Amino acid sequence: MISDLVSICKKGGDIIKDNFDKKLDINKKSSIDLVTDIDYFVEKVVKEELNEKFPSIEIIAEESALETIENEKPVFYLDPIDGTTNFVHGFPFVAVSLAYYVKNRGEIGIVYNPIMDELFTAERSKGAFLNGKTIKVSSTVEMINSLIGTGFPYSIVEREDNEIIIQRLRNILESSRGVRRAGSAALDLCYTAKGAFDGYYESGLNPWDVAAGKIILEEAGGCVSSLGGGEYDFSESWIVGSNGLIHDVLINKINIS
C-alpha cells in the first residue's frame, strides 16, 4: 500500500514543483489564510488517484473537508499543499501530506517536499525514513541545548493575542538555543523526527495538518502529546512533539494561561 501512496504523493508533488515559480491565482480563506488554484488542483489529482486505487477508503482533505468525520472507518487525511503561504512567496518549505488511519490509529504517514526533494515516510512499527534512509529523533537531554519549531495559528493571530504569543516565545527563547517558525506543521514534525528540531508545538491545527507527521515522529522514536501531556487526538487544541527527552520541560514552558 505504501508504495502506491508514495507514487500518488509524488504526482501531487510534481504539480507543486512545476508551478513553484509561476503566477498563481490566489484567494483568501481569511485575512491571512491563503489558498491557490494549485492547492485545489493537487487535491483533485491526489483524490482521484486515491479513489481509483482505494475506492472504499474515505478521504478527508483540506480544501473539501467534511464537517463530520467517522473516525472508526479507515480514512486518508490529505493536505495537498501544507505551507501554502510559503508556496505563494517562493519559500521552499512546502509539502504534500498524506496519512492513513484505521480506528483512530495512524498506520502510514507520507510527507513529500518536492522543492527540496525530501520524502518522509513511516509505517506503524516499521520505523521512519527520509529518502529511504532511517531517521531518528535527537538525543538532546537539556532544554538549553535544544532548537524548537513552532507555528502561529491564524485564529490566534487574527484575535491579536500578542501578549500570549510573546510570553510563550520568551519562555522558550530564554531556555533554548532558539525558535524557528517555518510555516508547515507537517514538515515541522518531520524535522523533529530527523533531529533537526528537538521539539515542536502549535495550536489550532486540523487533522490533515499533522496526521502524517505525527506517525513519522512517533516512528522515529519521538513523543507526541496534548498540552496536558496526555494522548494527542485531533480534538485537542494543542499538539506538542519532541524527542521525548525534553518533552515535560517543553510542555512546562509553553503551558501558560
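None of the values given here were measured: they were computed from a predicted structure.
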Peer 1: With sequence neighbours left out, what residues match S175 under side-chain hydrogen bond (donor to acceptor under 3.5 Å, both in side chains)?
Peer 2: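 For S175, no residue satisfies side-chain hydrogen bond (donor to acceptor under 3.5 Å, both in side chains) once neighbours in sequence are set aside.
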Peer 1: Please report the C-alpha distance between D198 and S138 in whole Å, then the side-chain angles of each, then the deciding distance to 0.1 Å, and finally whether the side-chain hydrogen bond (donor to acceptor under 3.5 Å, both in side chains) criterion is met.
Peer 2: CA-CA 6 Å; D198 303 289; S138 74; 2.5 Å; yes
Peer 1: Short question: side chain of T140, backbone of E142 - any donor-acceptor pair under 3.5 Å?
Peer 2: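 It does not hold such a pair.
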Peer 1: Nearest 0.5 Å please: distance from the CG atom of D188 over to the CZ atom of F93.
Peer 2: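 Answer for the CG-CZ pair, D188 versus F93, is 5.5 Å.
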Peer 1: If every non-hydrogen atom of A212 is compared with every non-hydrogen atom of L98, which pair is closest and at what distance?
Peer 2: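 Taking every non-hydrogen atom into account, CB-O, 3.4 Å.
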Peer 1: F234 vs Y77 aromatic rings, parallel, tilted or perpendicular, using cut-offs 30° and 60°?
Peer 2: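 Taking Y77 first and then F234, their aromatic rings stand perpendicular (interplane angle over 60°).
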Peer 1: Under 4.5 Å between any side-chain heavy atoms of L173 and I148, yes or no?
Peer 2: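 Sidechains of I148 and L173: no contact.
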Peer 1: With side-chain contact (heavy atoms from CB on, under 4.5 Å) as the criterion, how do Y232 and E218 come out once you've worked through the C-alpha distance, each side chain's angles and the decisive distance to 0.1 Å?
Peer 2: CA-CA 12 Å; Y232 173 81; E218 289 173 339; over 6 Å; no
Peer 1: Quick check against the 3.5 Å criterion: does R180 have a side-chain atom that pairs as donor or acceptor with the backbone of L147?
Peer 2: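 No; zero donor-acceptor contacts below 3.5 Å.
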Peer 1: When rounded to the nearest 0.5 angstrom, what is the spacing between CD1 in I246 and NZ in K253?
Peer 2: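 Separation between the atoms: 11.5 Å.
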Peer 1: Looking at A185 and Y200, what are the two nearest heavy atoms and their distance?
Peer 2: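 Answer, listing the atom of A185 first, then Y200: CB-OH, 3.3 Å.
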Peer 1: What's the spacing between I215 CD1 and R105 CZ if we round to 0.5 Å?
Peer 2: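 Reported to 0.5 Å precision, the distance equals 10.0 Å.
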Peer 1: Do F41 and V94 belong to the same hydrophobic cluster, where Ile, Leu, Val, Met, Phe, Trp and Tyr are linked whenever their side-chain heavy atoms lie under 4.5 Å apart, directly or via other members?
Peer 2: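 Result: yes, single cluster for both.
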Peer 1: Check whether T150 reaches the backbone of Y201 with its side chain - one donor and one acceptor, N or O, closer than 3.5 Å.
Peer 2: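 Yes, because the side chain of T150 sits within donor-acceptor range (under 3.5 Å) of the backbone of Y201.
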Peer 1: Is a side-chain N or O of D14 found less than 3.5 angstrom from the main chain of K11, in a donor-acceptor match?
Peer 2: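 No; zero donor-acceptor contacts below 3.5 Å.
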Peer 1: Are V6 and L130 connected into the same hydrophobic cluster when the rule is that any two of I, L, V, M, F, W, Y join if their side-chain heavy atoms are below 4.5 Å apart?
Peer 2: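 No, because L130 and V6 fall into different hydrophobic clusters, even though each may have its own neighbours under 4.5 Å.
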Peer 1: Please give me the minimum heavy-atom distance between I254 and R168, naming the atom from each residue.
Peer 2: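 Smallest heavy-atom distance, with atoms named: O-NE, 2.9 Å.
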Peer 1: Which heavy atom in A220 sits nearest to a heavy atom in A193, and how many Å separate them?
Peer 2: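 Residues A220 and A193, closest heavy atoms: CB-O, 3.4 Å.
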Peer 1: Kindly indicate whether a cation-pi arrangement holds for K133 with F129, taking the cut-offs as under 6.0 Å to the six-membered ring centre and within 45° of the axis.
Peer 2: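 Judged by the rule (NZ or CZ under 6.0 Å from the ring centre, within 45° of its axis), K133 is not positioned above F129.
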Peer 1: Within the 4.5 Å heavy-atom criterion, are N206 and D209 side-chain neighbours or not?
Peer 2: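 Yes, close enough: below the 4.5 Å cut-off.
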Peer 1: For the residue pair F87 and N19, establish whether any side-chain heavy-atom pair is separated by less than 4.5 Å.
Peer 2: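 Yes, at least one pair of side-chain atoms sits under 4.5 Å.
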Peer 1: Treating Ile, Leu, Val, Met, Phe, Trp and Tyr as nodes and any side-chain heavy-atom pair under 4.5 angstrom as an edge, say whether Y101 and V224 lie in one connected cluster.
Peer 2: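 Yes.
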Peer 1: Sequence neighbours excluded, which residues qualify as side-chain hydrogen bond (donor to acceptor under 3.5 Å, both in side chains) partners of E123?
Peer 2: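 Testing E123 for side-chain hydrogen bond (donor to acceptor under 3.5 Å, both in side chains), a comparison that skips the adjacent residues, returns none.
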Peer 1: Aromatic contact between F54 and Y100, with the criterion being ring centroids under 6.0 Å apart: yes or no?
Peer 2: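 No, ring centres 6.0 Å or more apart.
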Peer 1: Grab the two heavy atoms, one from H247 and one from S242, that are nearest each other, plus how far apart they are.
Peer 2: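 Closest approach of H247 to S242: ND1-OG, 2.7 Å.
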Peer 1: Evaluate the salt bridge (charged side-chain N to carboxylate O under 4.0 Å, His left out) criterion for residues E118 and K194: first the C-alpha distance (whole Å), next the side-chain angles of each, then the deciding distance (0.1 Å), finally the verdict.
Peer 2: CA-CA 11 Å; E118 293 180 324; K194 77 170 188 173; 3.7 Å; yes
Peer 1: Who passes side-chain hydrogen bond (donor to acceptor under 3.5 Å, both in side chains) against Y112, sequence neighbours left out?
Peer 2: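 Y112 satisfies side-chain hydrogen bond (donor to acceptor under 3.5 Å, both in side chains) with no other residue.
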Peer 1: Return the minimal non-hydrogen interatomic distance between E107 and V102, and the atom names on each side.
Peer 2: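 Smallest heavy-atom distance, with atoms named: CG-CG2, 4.0 Å.
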Peer 1: Look at the side chain of D21 and the backbone N and O of G90, then say whether any donor-acceptor pair between them is shorter than 3.5 Å.
Peer 2: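 Checking the backbone N and O of G90 against the side chain of D21, no donor-acceptor pair under 3.5 Å is found.
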Peer 1: Does any part of the side chain of W238, heavy atoms only, come nearer than 4.5 Å to the side chain of S226, both counted from C-beta?
Peer 2: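 Of all side-chain heavy-atom pairs linking W238 with S226, none is under 4.5 Å.
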Peer 1: I'd like to know whether K136 forms a side-chain contact (heavy atoms from CB on, under 4.5 Å) with T134, so could you lay out the CA-CA distance, the side-chain angles of the two residues, the decisive distance to 0.1 Å, and finally the verdict.
Peer 2: CA-CA 7 Å; K136 295 290 185 182; T134 300; 4.1 Å; yes
Peer 1: Is there a side-chain contact between V96 and L78, using heavy atoms and a 4.5 Å cut-off?
Peer 2: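 Side-chain contact under 4.5 Å: yes.
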Peer 1: So, taking the atom named CH2 in W208 and the one named CD in E43, what distance separates them when rounded to the nearest 0.5 Å?
Peer 2: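 Nearest 0.5 Å value for the CH2-CD distance: 9.5 Å.
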Peer 1: Hey, quick one: are L250 and I144 part of the same hydrophobic cluster, counting side-chain heavy atoms closer than 4.5 Å, chains of contacts allowed?
Peer 2: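 No, L250 does not connect to I144 through the hydrophobic network.
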Peer 1: Any side-chain heavy atom of M1 within less than 4.5 Å of one from D4?
Peer 2: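 No - every pair of side-chain heavy atoms lies 4.5 Å or more apart.
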Peer 1: As a quick check of understanding, evaluate side-chain contact (heavy atoms from CB on, under 4.5 Å) for L169 and F152, giving each step before the final call.
Peer 2: CA-CA 11 Å; L169 282 172; F152 307 137; 3.8 Å; yes
Peer 1: Is N51 reaching over with its side chain to a backbone N or O of K47, donor-acceptor style, under 3.5 angstrom?
Peer 2: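 Confirmed, N51 side chain pairs with K47 backbone.
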Peer 1: So P114 and F20, do their side chains get closer than 4.5 Å, heavy atoms only?
Peer 2: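 Side chain of F20 against side chain of P114, heavy atoms only: no contact under 4.5 Å found.
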Peer 1: So, taking the atom named CD1 in I81 and the one named OG1 in T36, what distance separates them when rounded to the nearest 0.5 Å?
Peer 2: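 Going from CD1 on I81 over to OG1 on T36, the span is 4.5 Å.
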Peer 1: Could you grab the distance from atom CD1 of I108 to atom CD of E219, nearest 0.5 Å is fine?
Peer 2: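 It comes to 11.0 Å.
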Peer 1: Evaluate side-chain hydrogen bond (donor to acceptor under 3.5 Å, both in side chains) for S97 paired with D82, printing each intermediate quantity in order.
Peer 2: CA-CA 7 Å; S97 178; D82 191 48; over 6 Å; no
Peer 1: Do T85 and V88 have side chains that get closer than 4.5 Å, going by heavy atoms?
Peer 2: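 Side chain of T85 against side chain of V88, heavy atoms only: no contact under 4.5 Å found.
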Peer 1: Do any N or O atoms from the side chain of N131 and from the backbone of L119 form a donor-acceptor pair under 3.5 angstrom?
Peer 2: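 Answer holds: yes.
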Peer 1: Going hydrophobic residue to hydrophobic residue with side-chain gaps under 4.5 angstrom, can you get from F91 over to F197?
Peer 2: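 Both belong to a single hydrophobic cluster.
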Peer 1: Would you sort out whether I216 and I110 count as a side-chain contact (heavy atoms from CB on, under 4.5 Å), showing the intermediate values?
Peer 2: CA-CA 8 Å; I216 293 166; I110 300 166; 5.9 Å; no
Peer 1: Of I59, V46, I8, which is the lone residue that meets side chain to side chain contact (heavy atoms under 4.5 Å, CB included) with F76?
Peer 2: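 One option only clears the test, and that one is I59.
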